[in-house]
Number of protein chains: 2
Amino acid sequence: MAATQAGTGRNGRRPSVTDVARLAGVSVGTVSNVLNRPENVAPPTRARVEAAIKELSFVRNASARQLRSGELNTVGAVVLDIANPFFTEMARGIEDRLAQDEYTLMLCSSDENPEREGRYLRLFEEHGVRGVIATPSEGSLDMLLAMRERGIDVVLLDHTSPLPDLPSVAVDDVGGGALATEHLLAQGHTRLAFLNGPLTLRQCVDRRDGVMQTLTAHGLDPATSLVEIPLEALNADGGDDGMRRLLAADGPTPTATFCVNDVTALGALRALRDLEVSVPGEMAVVGYDDVMFANMLATPLTSVRQPMYKMGWTAADMLLRRGSEDLAAEQVEFEPELVVRASSVPA
Amino acid sequence: MAATQAGTGRNGRRPSVTDVARLAGVSVGTVSNVLNRPENVAPPTRARVEAAIKELSFVRNASARQLRSGELNTVGAVVLDIANPFFTEMARGIEDRLAQDEYTLMLCSSDENPEREGRYLRLFEEHGVRGVIATPSEGSLDMLLAMRERGIDVVLLDHTSPLPDLPSVAVDDVGGGALATEHLLAQGHTRLAFLNGPLTLRQCVDRRDGVMQTLTAHGLDPATSLVEIPLEALNADGGDDGMRRLLAADGPTPTATFCVNDVTALGALRALRDLEVSVPGEMAVVGYDDVMFANMLATPLTSVRQPMYKMGWTAADMLLRRGSEDLAAEQVEFEPELVVRASSVPA
DNA sequence: GCGGCGCCATGAATCGTTACACTCAGACGC
DNA sequence: GCGTCTGAGTGTAACGATTCATGGCGCCGC
């Protein structure tokens with residue numbers, strides 16, 4: 001009997017509290033109490049209601065619930081590229097911290113496309129998320145600020161905050177770029193290449209600044225000692241293509257390449273292998289992020305390490321703590337760390 | 001003036017259509033029309049309403065919207081592990097297909113934890129998602145079936161369907177396990193190891209079946225020719241640990257290892273490197289998935305390739321097409337493909 | 001000049017849940 | 001025996017957007 005009832009699905013609309021109330025012979029208020037304050041309902045009544053819920057396989061309607069009583073335990077996050085281990089590792093950190101407080105995460109990937117990012121942010125807001133963690137691309141900052149004006153907590157991730165009262169978790173990317181460059185200069189390289197992403201991304205700009213500052217600090221002129229290759233895409237294929245373009249270009253070929261992240265470095269190494277250029281002998285390579293597989297590559301990759309998991313965890317933590325305690329905006333900045341491996345130092 | 005109005009945020013509640021209507025001097029119905037059927041509103045009126053929307057920085061409330069008019073263009077997906085490139089590549093496929101139809105994706109990671117998976121599925125249902133794409137772990141299948149009874153489209157991903165009318169996208173994992181085993185036997189190995197995940201996961205069971213069938217088909221007794229190592233975790237550390245346990249175990253050490261996926265194979269290779277065991281000389285290694293970095297490792301990894309992106313794309317496509325056309329349940333099965341590299345064949 | 005037709009805009013009803021003020025019965029104290 | 005208190009359950013007004021039957025108004029054709 002229960003089966004016939006419950007199994008009908010698909011045709012009628014979902015059962016509501018009213019249906020449950022009718023079946024259990026109580027009022028809707030009582031059903032709501034069973035759902036939300038069961039201790040206020042006498043055990044026999046509660047049992048009857050629970051039986052009715054099971055019988056109808058009733059599921060609360062989150063929209064109605066939220067419409068009536070405001071808040072929702074969901075946080076939205078927009079990252080640049082979900083296929084990049086750097087971002088998924090951060091996402092894990094976010095998710096783990098949110099799970100502690102029974103929050104859930106809506107994760108979206110903007111593909112570095114501001115329009116897509118905007119669409120997701122709007123969607124989050126329409127859904128009434130409690131807060132947003134975002135790795136903004138250029139132009140979307142205004143939208144985030146506007147959302148904050150409307151009362152949605154915002155934490156920037158992998159992006160230093162441009163405003164004192166906007167919390168953020170970041171890594172000193174200028175320092176990271178400098179770290180990589182210092183290392184290559186110390187190895188005796190004087191002609192460097194930089195495979196970089198679009199300058200609409202803050203990460204790319206900052207790492208570039210670090211490179212530039214370090215070069216000039218060492219008395220080198222970037223115009224002659226640095227070849228910049230703009231990448232089509234910040235993935236392995238982009239890196240592969242960038243390296244091929246670098247090697248095909250006119251003029252003296254650099255002896256060392258700094259890649260703006262490890263995934264592109266992976267592609268660059270692939271191109272070097274295919275073209276039979278020895279690493280680090282003919283071309284030293286340094287990446288950025290130190291993702292899981294960096295130390296397991298054919299040529300283990302020298303990389304600038306970022307504490308990805310911790311960054312994500314911290315961002316989520318700040319968001320949740322802000323919600324409850326309403327404390328001042330923190331701006332956490334982690335220090336990058338150079339991990340030297342065989343791709344930049346001869347054995 | 002606009003600024004003072006819009007900038008107040010955080011204190012009052014969000015503006016509603018009523019506020020917009022009042023400011024524009026029209027009725028709520030007209031505001032709704034501007035939002036949903038702008039062609040039915042006279043241009044001057046529309047302009048007035050749009051100005052009011054901007055002035056108040058009004059954002060639609062998705063809960064109310066959905067409560068009244070049913071549907072919502074969101075699809076939920078639960079995958080086993082968001083940090084595994086196999087799943088993120090599938091997620092990209094899903095996302096790209098959904099974006100074509102202006103759908104959005106809520107992505108969650110169950111961590112192979114059925115309880116967590118159940119929580120996410122319930123959340124999806126409460127939110128009224130249009131459909132769910134899931135890589136189910138053991139036990140959650142019942143929940144998915146129940147959701148389908150209640151009218152939510154379900155597509156299984158990376159899981160063959162146990163029921164004729166439940167659509168699914170999968171890969172022949174028995175065949176994949178066989179492929180790997182055939183290959184190792186063809187290389188002359190007779191004592192194999194299998195680093196496998198929990199048998200609560202279908203993938204692990206099927207790949208194991210493929211191994212077993214192949215061994216017996218070749219007249220080998222699994223009891224003597226196969227060492228099974230159950231992994232603590234399906235990530236690099238789990239693989240590292242599993243390989244160490246394998247090497248430390250009593251009895252003759254196998255000469256070849258099949259890892260249930262590439263991420264664990266990466267860990268296994270790491271352990272072998274650290275313990276100075278040569279690959280493939282002393283130990284051949286085969287992985288599964290053929291993720292992006294498999295061919296770039298110190299020892300390029302032989303792996304069983306799965307069309308990850310295409311799987312995700314197809315699953316999303318089936319979901320969307322089902323919604324509109326209401327066609328019969330398809331059960332797509334892709335064929336795995338062995339990619340031989342240096343980790344299993346001496347140079 | 002009038003019926004009829006489009007075009008626009010209106011506003012009440014509606015979705016499912018929750019909060020809250022309320023009733024009612026029974027227990028208890030004096 | 002009367003007031004009071006408590007615990008259990010009730011009924012209804014919100015929440016915010018959408019839908020749809022309704023009606024006013026101007027214009028066209030006969």
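Labels below follow one simple rule: chain letters A, B, ... track the order of the sequence lines, proteins then strands, and each chain is numbered from 1.
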Does a side-chain N or O of B:S27 approach OP1 or OP2 of C:dA9 to a distance below 4.0 Å, or not?
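Answer no for this pair, as no side-chain N or O of B:S27 is under 4.0 Å from OP1 or OP2.
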
For C:dT18, does OP1 or OP2 lie under 4.0 Å from any side-chain N or O of A:S32?
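Yes.
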
Polar side chain donor-acceptor pair, [X] to [Y], under 3.5 angstrom:
X      : Y      : answer
A:Y309 : A:R92  : no
B:D158 : B:Q203 : yes
B:S32  : B:N36  : yes
A:S140 : A:E117 : yes

Is A:T30 touching bases, backbone alone, or none of the nucleic acid, heavy atoms closer than 4.0 Å?
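Answer is base: heavy atoms of A:T30 come under 4.0 Å of a base.
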
Describe the nucleic acid contact of A:V26 in one word from base, sugar-phosphate, nothing, applying a heavy-atom distance below 4.0 Å.
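Sugar-phosphate, no base atom in range.
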
Whole angstroms only, please: what is the [atom1]-[atom2] distance between [X] and [N]?
X     : N      : atom1 : atom2 : value
A:D19 : C:dG16 : CG    : C1'   : 10 Å
B:R65 : C:dT14 : CZ    : C1'   : 16 Å
A:Q66 : C:dT17 : CD    : P     : 14 Å
A:L67 : C:dA19 : CG    : P     : 13 Å

Kindly calculate the angle separating the two end axes of the helix from C:dG1-D:dC30 to C:dC30-D:dG1, each obtained from five base pairs, and round it to 10 degrees.
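The helix from C:dG1-D:dC30 to C:dC30-D:dG1 shows an end-to-end axis angle of 50°.
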
What are the two closest non-hydrogen atoms of A:Y120 and B:T104, and how far apart are they?
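Taking A:Y120 first and B:T104 second, the nearest heavy atoms are CE2-CG2, 3.4 Å.
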
Answer yes or no: is there an ion pair linking [X] with [Y], defined by an N-O contact shorter than 4.0 Å?
X      : Y      : result
B:R148 : B:D165 : yes
A:E95  : B:R116 : yes
B:E330 : B:R322 : no

Who are the salt bridge (Lys or Arg N to Asp or Glu O under 4.0 Å) partners of A:D142, not counting sequence neighbours?
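Residues passing salt bridge (Lys or Arg N to Asp or Glu O under 4.0 Å) with A:D142: none at all.
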
Results of salt bridge (Lys or Arg N to Asp or Glu O under 4.0 Å) for B:R60 - residues two or more places apart only:
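By the salt bridge (Lys or Arg N to Asp or Glu O under 4.0 Å) rule, B:R60 matches no residue at all.
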
Residues in contact with DNA chain C, drawn from residues 33-48 of chain B - heavy-atom cutoff 4.0 Å
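Output list: B:N33, B:V41, B:A42, B:T45.
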
Would you check if the side chain of [X] reaches a backbone N or O of [Y] as a donor-acceptor pair within less than 3.5 Å?
X      : Y      : result
B:T135 : B:L157 : yes
B:T314 : B:K310 : yes
A:D19  : A:S16  : yes

Can you give the first and last nucleotides of DNA chain D, 5' to 3', that have an atom under 4.0 Å from a heavy atom of chain B?
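So the contact region on DNA chain D extends D:dG16 to D:dT19.
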
So, under a plain 3.5 Å distance rule, would you say the side chain of A:R68 forms a donor-acceptor pair with the base of C:dT18?
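For A:R68, whose side chain was compared with the base of C:dT18, there is a donor-acceptor pair (under 3.5 Å).
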
Footprint string (nucleotides 22-27 of chain C, 5' to 3'): B base within contact, S backbone only, - free, heavy atoms under 4.0 Å
------

Check this for me: B:Q100, atom CD, are more than 12 non-hydrogen atoms of other residues, nucleotides or ligands nearer than 6.0 Å?
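More than 12 within 6.0 Å, yes.
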
